[in-house]
Amino acid sequence: MAKANLEVPELQPYLEIPEVVPGVMAHSRPFVAKPDHQEPLGFPGELVDDWQNKAIAKFGDLLGRYRSLQVYMDACVKCGSCTDKCHYYIGTKDPKNMPVGRQDLMRKVYRRYFTLPGKWFPKLVGAEDLTKEVLDDWYSYFHQCSQCRRCSVFCPYGIDTAEISMAAREIMDHIGVGQKYCNEIIGKVYKIGNNLGLPGPALRDTLEGLEEDVYDDTGVKVRYPIDKVGAEILLVTPSADFFAEPHVDGLVGYGKVFHEAGVSWTLSTHASEAANFGMFIGSYENMRRVSQRIREAAIQLKVKRIVFGECGHAWRVAYSFLNTLAGPWDFLDPRYPVPQHICEFTHDLIQQGKLNLDKSQNDDMVLTYHDSCNVARASRMGPTPGGQFDIPRAVIQAVCNHFHDMDEETIRERTFCCGGGGGLLTDDLMELRVKGALPRMTALNNVMQEKGVTHMAAICAICKSQFTKVLPYYGMEMEQIVSVHQLVSNAIVLTPGEDDDLDDEDEEEDDDESADDED
Amino acid sequence: MSFLTVVYASLFYLAVLILLVGLVNKIAQYARTPAPLKIPTTPAPVTKGGVVFRLVREVVLFESLFKGNKWTWLFGWIFHFGLLLVTLRHLRYFMDPVWLPIELIQPFGIYGGMAMVVGLVGLWGRRFLVNRVRYITGPSDHLILALLIGIGLTGLGMTFVVHVDVVSVKQFFLGLLSFHIQPLPADPLLLLHLLLVAILMIVFPYSKLLHAPGLFFSPTRNQVDNPREERHLAPWARRLEQ
């Protein structure tokens with residue numbers, strides 16, 4: 001894909017916090033959803049009549065349903081702690097991209113319609129009517145938030161701008177002003193089962209191809225099963241893992257790990273998507289509907305465990321929300337958390353010494369690790385807080401000899417978003433994506449200069465796609481972003497199976513039904 | 001009884017009423033509104049005890065603000081700690097005999113008053129000097145700072161410059177408590193001080209001062225990180241299950 005012609009910030013050794021330049025990103029807005037994208041999600045097709053009253057009514061409804069929104073509208077004291085924390089502010093200089101600046105777009109409307117001072121003294125407390133201009137600002141700037149929650153780390157009251165931009169998008173969807181990228185994708189999940197709209201035969205074809213590739217590479221028959229009833233584990237992974245680079249190398253890695261673990265596993269055509277864009281648009285109902293597909297697949301395939309592949313916001317929905325949205329999971333094996341992250345699964349095997357790993361296979365790379373925002377600040381791995389930082393690093397360090405972290409201020413809970421999260425990974429927001437990547441690119445560039453790092457690993461499909469696209473803008477190579485399980489895949493020494501020397505036979509299909517009795 | 005005493009007595013009854021009713025309403029609203037999803041900012045405590053400890057660190061040490069901005073933290077903490085000492089010092093106006101710890105804290109209360117003003121001046125300075133903070137500052141933000149500094153300066157003024165008849169002031173407030181109104185000395189500085197305090201009480205439930213109760217209800221701070229172990233379901237979400 002050709003690079004769009006836009007001004008790319010120059011990388012400096014230190015991240016500079018810019019002075020505000022009002023309005024410089026007011027033009028940035030994603031394509032608006034068409035009626036075809038809106039209606040399958042239960043939203044009106046276009047801007048409704050009487051949209052102001054309907055928007056305020058929806059706002060009131062959300063204030064009554066989400067304590068986060070109600071408290072966060074009231075609590076901000078404008079202390080400024082968040083003002084220099086958002087990657088989009090740092091990259092664009094637009095003050096409405098400061099977390100408090102973004103929140104205030106909604107807060108001024110809240111004050112006008114829901115508080116006494118806003119009704120009586122609007123000027124004094126910065127209250128404003130919901131006009132078309134305000135709505136336009138909402139559409140622009142609530143689609144310049146990747147819902148990464150970095151601001152919430154530094155807010156003395158934990159105000160999370162993600163909650164506010166989700167609510168704003170939910171209100172806009174309800175008056176017919178949706179975002180095409182997210183809503184079209186959710187429609188594809190309902191219709192076909194995944195974000196990319198890949199039908200079952202295409203998935204099967206891809207997986208067969210992967211089996212052949214792995215056999216050609218290693219001489220070992222590693223299976224990549226789909227819709228296999230009675231498998232022990234259902235793997236739910238972002239659909240990008242089936243096609244995109246470097247995602248697919250991660251999928252190859254998951255299969256090898258399961259092969260070595262000796263457990264039966266399967267993907268599902270019905271739940272062939274870990275991503276849940278219902279979260280991005282702040283729609284509980286749509287997020288629940290997408291999540292229910294995983295429950296349906298788990299029941300239908302009679303699995304005992306659910307494992308998620310590498311995907312950031314999907315892991316947030318999986319770890320933090322899945323029990324709420326699609327639980328209870330009392331029909332699954334109670335010895336394992338539901339769901340598990342593939343990194344938890346692999347890490348357990350490494351701890352038990354069950355994986356034969358040859359680290360030198362990754363000696364052509366010097367690695368660093370990008371903490372994906374939703375994994376870092378909205379979920380956990382393992383039994384202790386912070387496992388989401390330590391477990392992926394432990395996996396990387398178990399399969400690689402050369403690893404260096406980036407600047408402490410840019411990793412773990414302080415990690416910077418890749419610039420493409422939160423439903424913004426679309427070409428119509430390319431300027432925003434490139435500029436929003438500045439803090440991460442700066443930290444990466446520094447560790448490349450200082451430590452000779454060559455590659456950055458990540459466990460998020462959006463991060464991987466985003467970096468593949470924006471690295472070249474900053475003079476780096478798109479191949480520098482890798483999947484964590486791609487590294488595992490490189491290092492893992494496979495145990496030969498009995499059928500490795502046989503020609504590929506497809507007669508085993510009949511055995512699948514009985515496989516559930518084996519474990 | 002003087003007109004002034006009646007006005008101030010009424011003002012304080014009104015201010016207390018507005019403060020209490022307003023705050024109780026807000027707290028009830030926060031408590032009533034469900035948090036349908038588990039959204040603690042992680043890494044988060046995995047036990048209730050851990051959450052209490054997290055909130056104590058936020059309330060006492062302003063932990064997140066410390067991570068965010070050292071200057072704001074410094075001035076903010078000095079102001080709030082000063083305000084705490086000042087408030088404790090003032091409790092003597094509402095009790096007779098005075099409880100020993102309140103007796104002991106009296107001299108520190110004065111330092112608290114100074115600290116409060118210093119902190120507020122620092123916080124106000126940031127609103128002019130830091131470009132980003134200037135952008136987000138509105139008229140009400142300046143007014144609240146002016147109000148608080150006014151309270152601090154008039155209070156310190158009575159301690160160091162123009163002394164007032166504190167015994168009568170105490171009689172006035174004890175009188176308010178027992179509904180036997182006693183005369184209030186007509187000192188301009190005292191009257192200004194009390195007027196500003198009453199205004200502060202009145203605006204409290206309708207302003208950003210709601211950050212005080214808000215913190216305790218913030219789901220990113222008060223939730224236990226245990227979504228895989230315990231199913232969390234809001235009442236309105238439960239209705240979707242059918």
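Throughout, a chain's letter reflects where its sequence line sits, starting with A, and its residues are numbered from 1.
With respect to chain B, the highest number of heavy-atom pairs below 4.5 Å among A:Arg288, A:Arg111, A:Met98 belongs to A:Arg288. The candidate from A:Gly80, A:Pro22, A:Ser152 with the greatest count of non-hydrogen atom pairs under 4.5 Å with chain B is A:Ser152. Considering only heavy-atom pairs separated by less than 4.5 Å from chain B, the leading option among A:Leu69, A:Asp104, A:Asp84 is A:Asp84.
In summary, A:Glu19 and B:Arg132 do not engage in a salt bridge, as defined by a charged side-chain N under 4.0 Å from a carboxylate O.
Side-chain contact between A:Gln103 and B:Ile136 is absent, with no heavy-atom pair separated by less than 4.5 Å. In this structure, B:Phe66 and A:Ser81 have side chains that are not in contact, with every pair of non-hydrogen atoms separated by 4.5 Å or more. Looking at B:Lys208 and A:Asp74, their side chains never come closer than 4.5 Å, going by heavy atoms from C-beta outward. Looking at A:Cys155 and B:Ser64, their side chains never come closer than 4.5 Å, going by heavy atoms from C-beta outward. Under the 4.5 Å side-chain criterion, counting only non-hydrogen atoms from C-beta, B:Thr137 is not in contact with A:Lys78. Side-chain contact between B:Leu210 and A:Met73 is absent, with no heavy-atom pair separated by less than 4.5 Å. Proximity of B:Pro43 to A:Gln388: side-chain heavy atoms (C-beta onward) are separated by under 4.5 Å at one or more points. Contact check for B:Tyr135 versus A:Lys96: side-chain heavy atoms found under the 4.5 Å cut-off.
For B:Trp236 and A:Tyr66, the gap between ring centers is short of 6.0 Å.
Listed for the B:Thr33 side chain is no donor-acceptor partner under 3.5 Å among the backbone atoms of A:Gly64. Under a 3.5 Å cut-off, the side chain of A:Thr324 and the backbone N or O of B:His232 do form a donor-acceptor pair. In this structure, B:Lys38 contributes its side chain and A:Phe321 its backbone to no donor-acceptor pair below 3.5 Å.
Interface remark: B:Glu63 contributes no atoms to any contact with chain A (heavy atom separation under 4.5 Å). Only the side chain of A:Met287 comes within less than 4.5 Å of a heavy atom of chain B; its backbone N, CA, C and O stay farther away. Residue contact with chain A, scored on non-hydrogen atoms closer than 4.5 Å, is absent for B:Arg134.
Partners of A:Ala162 according to the side chain to side chain contact (heavy atoms under 4.5 Å, CB included) rule, which considers only residues two or more places apart in sequence or in another chain, are A:Gln147, A:Arg149, A:Asp160, A:Met166. Shown here are the side-chain hydrogen bond (donor to acceptor under 3.5 Å, both in side chains) partners of A:Tyr319, two or more places apart in sequence or in another chain: A:Arg380, B:Asp225. For the salt bridge (Lys or Arg N to Asp or Glu O under 4.0 Å) test, no residue two or more places apart in sequence or in another chain qualifies with A:Arg295.
Only one option out of A:Pro337, A:Ser320, A:Ser379 pairs with B:Arg228 in a side-chain contact (heavy atoms from CB on, under 4.5 Å); it is A:Pro337.
There is no side-chain donor-acceptor pair under 3.5 Å between B:Thr220 and A:Tyr157.
Taken to the nearest 0.5 Å, the SG atom of A:Cys79 stands 10.5 Å off from the CZ atom of B:Phe62.
Scanning residues 44-61 of chain B against chain A with a 4.5 Å heavy-atom cutoff picks out B:Ala44, B:Val46, B:Glu58, ordered by number.
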Practice item. Show your working on side chain to side chain contact (heavy atoms under 4.5 Å, CB included) between A:Arg316 and B:Ile39 and close with a plain yes or no. Key: CA-CA 9 Å; A:Arg316 179 181 193 187; B:Ile39 59 165; 3.3 Å; yes

